[in-house]
There are 2 protein chains.
Amino acid sequence: MRPAPDRRRQLLDTAAEVFAAQGYDATTVRRIADAAGLLAGSLYYHFDSKESMLDEILSAFLDELLAGYDTVLAAGLGPRETIEALVTESFREIDRHRAAVAIFQKESRHLQDQPRFEYLADARHRFETAWLGTLERGVAAGDFRADLDVRLTYRFVRDTVWVAASWYRPGGRHSPEEIARQYLSMVLEGIASRTRT
Amino acid sequence: MRPAPDRRRQLLDTAAEVFAAQGYDATTVRRIADAAGLLAGSLYYHFDSKESMLDEILSAFLDELLAGYDTVLAAGLGPRETIEALVTESFREIDRHRAAVAIFQKESRHLQDQPRFEYLADARHRFETAWLGTLERGVAAGDFRADLDVRLTYRFVRDTVWVAASWYRPGGRHSPEEIARQYLSMVLEGIASRTRT
DNA sequence: TAACCTACCAAACACTTGTTAGGGAAGGAG
DNA sequence: CTCCTTCCCTAACAAGTGTTTGGTAGGTTA
């Protein structure tokens, strides 16, 4: 008998893949079992419910992401460098947790009403603090344009990064760092205040 | 007896609202009926199926949107003005069909495999032609930066516009035109090639 | 008045869903 | 060998799903 404690993670990975492709509600437990090569009932040896699979997928991703954000924020960089680091970190996370990111994008909005998934709203709030705070700091420091609505800018930056998960495929032409660089180039040249008026 | 030929559209509007909020698969026919103030079975007097409601919502929206795009493209504007017009038109469409846009965003990816919803893939292709063509034209004309990956730029512009549907609420602080102006300001200052190197 | 149409309800249908209970095969430990 | 744990299967369950059928209130037409 193999020990296989990573069997659990392996099942979660295939589940995440199916969830991301079909949507959580449209995905049946039997479909996951098919993709994993076992029968539907057998999944319940590893997990108590379909919902707890989703829970584990999302919280594992968010834990890692928020830890990465905290590291960036603790580095004490300037506003512009912080934004650059946040974007790069985000694309690395998309590279590693593409499926989880796609699920989060699609389902979090209506999941966060459920008590079990309250932490999704918390995560959103911590995103907002990180991004919005950095933007405001940058506006005050003169790094970013002051003539834009800050909240609109925040949503703009946040969305431009995260929607990439809907088309990004690991192993493609561009590395996460390369994509981050191009995105930053596009975003910053619009956000950074011109040195010459 | 009231004639009420718009009863159909009224039902479609509430259905679209529920679909957008909960997701298509997560939405039950009884939930729609509840919101509309009748019983589940009664919906089948107006529509043959739940799927055909979705079909009608999406195709009505796409018809109007693509017609708007065609008008813009037929105007014979320059690349930059075309992009501006496309973005503005898109935000107007988001303003009018917010629910349909949200549904399209969430569900189209996995719906377009079904034969019935092939037109979704067609629509995506026409989007790509409109946006990507304009961008390439602009690069050739010197309106947009040439040092960026065009496909990446296309996805960037496209996504930044459409994700706005996930947070936009009509009747808010900003009009569609105002949001379009701010978005364009952010996007273009990054895409437009600098007049001075 | 009688026939008719519109818009709905009440009740059921077949089917799929997530989930559970009991059992069994395969290897490791004693 | 025997016990035990791990991992899976078989078979079923109750609840909920989209959908259909027959009926009916009430206004319109003749």
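Quick note: numbers below take in every heavy atom, side chains included, and nothing from hydrogens, waters or symmetry partners. Throughout, a chain's letter reflects where its sequence line sits, starting with A, and its residues are numbered from 1.
- Each of A:Asp48 and B:Ala40 lies near DNA chain C, and the nucleotide nearest B:Ala40 is the one positioned closer to the 5' end.
- D:dT19 atom P lies 18 Å from atom CZ of B:Arg31, rounded to whole Å.
- Note: CG (B:Leu38) to P (C:dA10) measures 12 Å, nearest angstrom.
- Nearer the 5' end of DNA chain D, as judged by each residue's closest nucleotide, is the contact made by A:Leu39, out of A:Leu39 and B:Asp25.
- Taking the side chain as every heavy atom from C-beta outward, A:Val150 and A:Tyr154 never approach each other to under 4.5 Å.
- Residue B:Thr28 has its side chain nearest to D:dT17 when only C:dT19, D:dT17, C:dC9 are considered.
- Of the side-chain N and O atoms in B:His46, one or more sit less than 4.0 angstrom from OP1 or OP2 of C:dC8.
- No option in A:Gln112, A:Glu107, A:His125, A:Arg109 other than A:Gln112 meets the side-chain contact (heavy atoms from CB on, under 4.5 Å) test with A:Leu120.
- Here D:dT19 presents its C1' atom at 13 Å from CD of B:Glu51, a figure rounded to the nearest Å.
- Counting any heavy atom pair closer than 4.0 Å across all strands shown, B:Ser52 reaches no nucleic acid atom.
- Residue B:Phe47 contributes atom CZ, which lies 15 Å from atom P of D:dG18 at whole-angstrom precision.
- Here the C1' atom of nucleotide D:dT5 and the CZ atom of A:Arg7 are 17 Å apart, to the nearest Å.
- In the hydrophobic clustering of ILVMFWY residues, with side-chain heavy atoms under 4.5 Å counting as a link, B:Leu73 and B:Phe144 come out apart.
- One cannot find a donor-acceptor pair under 3.5 Å joining the base of D:dG16 and the side-chain atoms of B:Arg30.
- The OH atom of A:Tyr45 sits 17 Å away from the P atom of C:dA25 (whole-angstrom rounding).
- Whole-Å rounding puts the B:Leu43 CG to C:dA7 P distance at 13 Å.
- Between B:Tyr69 and B:Phe127, the ring-plane angle classifies as tilted under the 30° and 60° cut-offs.
- Across B:Thr82 and B:Leu77, no two heavy atoms sit closer than the pair OG1-O, 3.3 Å.
- For A:Ser49, no side-chain nitrogen or oxygen approaches OP1 or OP2 of C:dG18 to under 4.0 Å.
- Listed pair A:Ser42 / D:dC9 meets the phosphate criterion, a side-chain N or O lying under 4.0 Å from OP1 or OP2.
- Distance A:Tyr44 OH to C:dG18 P: 6 Å, rounded to the nearest Å.
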